[in-house]
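Here is how names work: the chains are called A, B, and so on, in the same order as the sequence lines, proteins then strands, and each is numbered from 1. These numbers come from the heavy atoms of this one structure, side chains and all, not from hydrogens, waters or symmetry mates.
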Amino acid sequence: MIVLTLPDGSTREVPAGTLARDVVGSIGARLLQASYAVAVNGEVLDLMTPLRASGAFVVITDKDPRALGVLRHSGAHILATAVRRLRPDAKIGFGPAIEDGFYYDFEVEKPFTPDDLAAFEAEMKKVIAEKYPFVREEVTLAQARERFVDDPLKLERLDDFEGSDEVISTYTDGPFIDLCRGPHVPDTSYLKHFKLLSIAGAYWRGDVKRQMLQRIYATAFLKKDDLDAHLHRIEESRKRDHRVLGKSLDLFQLFPVAPGAVFWTPKGTTLYNTLEAFVRERQQDAFKEIKTPLLYNKALWEQSGHWGKYRENMFLVLDNETGEHDMSLKPMNCPSHHLYFASHKHSYRDLPMRYVTFDVLHRNELSGALSGLTRVRQFAQDDCHVYLREDQIAAEVQFLMTFILGYYETFGLTARLKFATRPEQRIGSDELWDRAEGALRAALESTGREYEMKEGDGAFYGPKIDFDVTDSIGRAWQLGTIQLDYNAPERFDLTYTGDDNTAHRPVVIHRAVSGSFERFIAILIEHFAGAFPVWLSPEQVRVIPIASDYNEQSEALVQRMKALGIRATLDARNETLNYRIREGEVQKVPYMCVIGRREAEENTVALRIRGAGKKQDILPVDDFLARVTEEIRTRALVPAAPDASTPAETETAS
RNA sequence: GCCACAGUAGCUCAGUGGUAGAGCACCCGAUUCGUAAUCGGGCGGUCAUCGGUUCAAUCCCGAUCUGUGGCUCCA
């Protein structure tokens with residue numbers, strides 16, 4: 001007999017070998033209907049599993065977040081079942097549940113087409129209707145090899161089990177059998193709300209040197225509403241895609257003759273400069289900005305270690321005199337800063353020394369990796385290197401973290417911290433890494449903030465703290481970073497003079513806040529759906545005279561705003577008021593001032609706030625100017641981004 | 001770089017083996033308007049580039065470039 005303890009503390013005593021579903025059924029028939037799996041001592045098991053151990057027993061219903069993972073994994077098998085029926089030649093790879101759904105990888109002679117996708121989805125519905133049970137079997141390695149004799153990818157996977165005592169299990173649903181650890185839902189009919197999303201290429205086992213498989217992405221949910229909401233979310237993020245908004249709001253362009261390099265329009269340049277000015281303002285006291293060369297001899301990269309580890313990502317430049325590609329555009333600012341620090345003597349009293357640089361960087365990214373503003377070949381960072389004594393690390397990390405988090409807060413972005421440790425590809429001794437990781441971790445702990453671990457994800461020269469920022473629709477982006485570096489000081493022979501009048505080795509911290517301006521702007525565009533707070537808006541106020549009689553007053557108002565530093569424009573075109581209002585809304589101008597007879601006579605403005613519709617405030621010009629000036633000065637998050645359901649969002653921007 | 005898909009006017013897109021069309025934008029004219037598209041007229045394209053098949057190619061085929069979804073990588 002075994003004893004199962006339910007969440008309410010009650011216990012059930014059943015013979016060993018009783019099926020999980022019978023235990024669930026004995027608790028309640030309705031409960032059995034609503035259950036997807038069970039968990040015994042935290043391990044998720046099929047309902048068909050014979051129970052052999054006593055312990056905590058939890059029924060996994062749709063209230064349990066683990067139910068969705070089980071369902072999606074079963075969905076992957078159902079997908080493979082359908083694909084195998086229509087394309088018997090397809091060899092199966094892996095098919096896991098992922099964050100938003102599931103995928104399955106296939107090796108096929110002829111790649112799948114979008115038409116295939118529709119056919120597979122239809123076939124899946126048949127498999128679901130047939131209500132095949134998922135049957136688990138435990139087999140020996142030899143038996144498994146027998147069963148998957150026609151599936152080379154599975155055979156390769158089975159090789160990993162050689163000499164291991166791990167249990168090998170297979171799952172069968174109707175005609176399809178897969179090598180799988182499980183667990184699964186009881187039968188195929190459990191999958192009700194799903195959608196196949198896309199076809200993509202994926203290397204077998206993620207290895208560039210291996211063959212390309214065809215991956216089918218799909219999503220599935222327990223409830224129809226959840227699926228609909230998810231599909232709606234996909235649609236929403238498509239609408240706020242920075243590449244789409246960048247075009248309709250006229251912020252930037254990309255030309256085929258300059259792949260991966262951004263052409264900023266006047267409005268985009270204003271946005272960019274406003275951001276940069278903000279960073280400069282925040283850094284004016286404790287940091288020293290320097291401008292440094294873009295092109296360097298390879299000697300610098302040999303010293304920094306980039307020539308060996310990073311050269312394939314660098315744009316090499318031909319030196320006509322030597323006939324060699326022994327010059328390179330800089331892919332990062334670090335060596336420039338080290339060069340400068342090393343060029344003169346420093347006292348321990350002057351540390352920490354913080355250099356910042358906004359120079360243009362070039363990285364030769366794979367052509368297929370380029371995407372809008374988020375992945376480019378030419379970009380700029382708000383890059384900072386801090387040179388400090390080892391005893392200053394904790395205080396400096398706290399200082400930088402406060403700086404970075406305060407910056408994000410201005411935009412209404414929240415950040416999660418990740419601590420990343422030594423990667424496989426690295427320079428420096430293990431002793432040095434032990435010291436660096438220990439010091440950075442201690443500094444991080446001293447802030448009292450929560451953080452996650454990212455083992456093996458550090459920079460090749462040191463461990464780091466990454467700042468993952470969550471935007472307004474819940475997507476995470478890695479932006480800022482604090483990286484501790486004991487290697488560069490050695491390589492560049494950096495020193496400072498201590499109070500004992502001898503040379504000491506400083507430590508270097510690499511810090512970026514925005515990541516890159518390009519990518520940060522992409523995130524801001526999507527975060528605000530193009531409706532920037534007034535301080536960031538390229539155009540802050542648009543003045544619209546109702547008729548040409550009021551052009552003069554309107555022009556005077558614009559001039560007055562410009563004198564106050566407000567980015568104001570006049571729209572006195574010979575178009576209807578409705579037309580011009582609509583255009584201002586589509587362009588997401590935060591404030592529109594309508595000037596007619598009443599306003600001209602009373603020296604007021606009829607203020608239309610972006611996204612607020614017909615509702616308008618009539619207020620004295622002076623009050624309006626004071627309000628806008630104050631909002632800009634405080635970088636207030638106003639006016640709020642309009643709800644995505646406003647007409648401006650559903651109509652095509654002109 | 002690899003796999004798949006795409007490229008038609010400034011933008012969004014339709015279309016055909018017999019050298020192209022809409023809406024918006026832009027220009028001109030009328031209209032002087034009270035909060036999301038006034039009306040009329042006009043301008044505008046080597047159908048991404050190069051090559052092939054064909055009597056004939058924007059359309060079929062191939063290569064190249066660029067973009068998109070992924071893989072890999074990463075700010």
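When the C1' atom of B:A36 is taken as reference, atom CD1 of A:I544 falls 11 Å away, rounded to whole Å. The CH2-P distance, from A:W204 to B:C3, rounds to 19 Å in whole Å. Distance A:F467 CZ to B:A75 P: 15 Å, rounded to the nearest Å. The nearest whole Å value for the distance from the CZ atom in A:F520 to the P atom in B:A75 is 17 Å. Separating the CG atom of A:L619 from the P atom of B:U35 is a distance of 18 Å, rounded to the nearest angstrom. The CZ-C1' distance, from A:R375 to B:G1, rounds to 13 Å in whole Å. In this structure, CD of A:E312 is placed 16 Å from P of B:U72, rounded to the nearest angstrom. Atom-to-atom, CG of A:L245 to P of B:U12 comes out at 13 Å; the value is rounded to the nearest Å.
Residue-to-nucleotide proximity on RNA chain B shows that, of A:I581 and A:T374, the 5′-proximal contact is made by A:I581. Both A:Q381 and A:L577 lie near RNA chain B, and the one whose nearest nucleotide falls closer to the 5' end is A:L577.
Under the rule for a side-chain hydrogen bond (donor to acceptor under 3.5 Å, both in side chains), the partners of A:N333 that lie at least two apart in sequence or sit in another chain are A:K330, A:D383. Listed by chain and number, the residues in a ring-ring contact (aromatic ring centres under 6.0 Å, His included) with A:F94 are A:W204 (sequence neighbours excluded). In this view, A:R377 satisfies the salt bridge (Lys or Arg N to Asp or Glu O under 4.0 Å) rule with no residue, not counting sequence neighbours. For A:T357, the side-chain hydrogen bond (donor to acceptor under 3.5 Å, both in side chains) criterion is met by A:H337, not counting sequence neighbours. Partners of A:P423 under the side chain to side chain contact (heavy atoms under 4.5 Å, CB included) rule, at least two apart in sequence or in another chain, are A:R426, A:W433. Applying the side chain to side chain contact (heavy atoms under 4.5 Å, CB included) test to A:R84 and every residue at least two apart in sequence or in another chain returns A:I92, A:D151, A:F176. Every residue two or more places apart in sequence or in another chain that forms a side chain to side chain contact (heavy atoms under 4.5 Å, CB included) with A:T410 is listed here: A:F278, A:W535, A:R635.
Spacing of P atoms, B:G45 relative to B:G21, comes out at 13 Å, to the nearest Å. Using C1' as the reference atom, B:C60 and B:G23 are 31 Å apart when rounded to the nearest Å. A distance of about 48 Å separates the C1' atoms of B:C39 and B:U64, rounded to the whole Å. One C1' atom belongs to B:A14, the other to B:U8, and the distance between them is 10 Å to the nearest Å. Nucleotides B:G7 and B:C47 have their C1' atoms positioned 10 Å apart, rounded to a whole Å. Rounded to whole Å, the C1' atom of B:C5 lies 38 Å from the corresponding atom of B:G42. Comparing the C1' positions of B:G10 and B:G62 gives an interatomic distance of 32 Å, to the nearest angstrom. If you take atom P in B:C26 and the same atom in B:G69, they sit 30 Å apart, rounded to whole Å.
Taking only side-chain atoms of A:K247, from C-beta outward, the nucleotide of B:G34, B:U12, B:C3 with the closest atom is B:U12. Listed nucleotides B:G34, B:A36, B:A75 differ in distance to A:E585; the shortest reach to its side chain belongs to B:A36.
With hydrogens and angles left out, the side chain of A:R608 and the base of B:A36 share a donor-acceptor pair within 3.5 Å. Side chain A:E583 to base B:A25: no donor-acceptor pair is found below 3.5 Å.
Contacts of A:E599 with the nucleic acid, taken as non-hydrogen atoms under 4.0 Å apart, include base atoms.
For A:F112 and B:A4, the ring-to-base geometry does not satisfy the stacking test (centroid distance below 5.5 Å, interplanar angle below 30°).
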Can you give me the N/O atom pairs linking the protein to nucleotides 38-49 of chain B at distances under 3.5 Å, or say none if there are none?
residue : atom : partner : partner atom : Å
B:U38   : OP1  : A:T576  : OG1          : 3.3
B:U38   : OP2  : A:T576  : OG1          : 3.1

Between side-chain atoms of residues 253-261 of chain A and protein atoms elsewhere (two or more places apart, or another chain), which donor-acceptor pairs fall under 3.5 Å?
none

What side-chain donor-acceptor pairs closer than 3.5 Å can you find for residues 109-122 of chain A, not counting sequence neighbours?
residue : atom : partner : partner atom : Å
A:T113  : OG1  : A:D115  : N            : 3.3
A:T113  : OG1  : A:D116  : N            : 3.2
A:T113  : OG1  : A:D116  : OD2          : 3.4
A:D116  : OD2  : A:R87   : NH1          : 3.4
A:D116  : OD2  : A:T113  : N            : 2.9
A:E121  : OE1  : A:L196  : N            : 3.0

For RNA chain B, what is the dot-bracket line, given that a base pair needs Watson-Crick (N1 to N3, plus N6-O4 or O6-N4) or G-U wobble (N1-O2 and O6-N3) geometry with both distances under 3.5 Å, and | means paired with another strand?
(((((((..((((....[..)))).(((((.......))))).....(((((..]....))))))))))))....

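Remark: the backbone N or O of A:G611 is paired with a side-chain donor or acceptor of A:E585 at under 3.5 angstrom.
Using a 3.5 Å distance cut-off with no hydrogens or angles, the side chains of A:Y296 and A:S336 do pair a donor with an acceptor. Between A:Q211 and A:E107, the side chains place a donor N or O and an acceptor N or O closer than 3.5 Å (distance only, hydrogens not considered).
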How does protein contact run along nucleotides 64-71 of chain B, one letter per nucleotide 5' to 3', with B for base contact, S for sugar-phosphate only, - for none, heavy atoms under 4.0 Å?
--SSSBBB

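Relative ring orientation between A:H510 and A:Y461 is described as parallel, the plane-to-plane angle staying below 30° on a 0-90° scale split at 30° and 60°.
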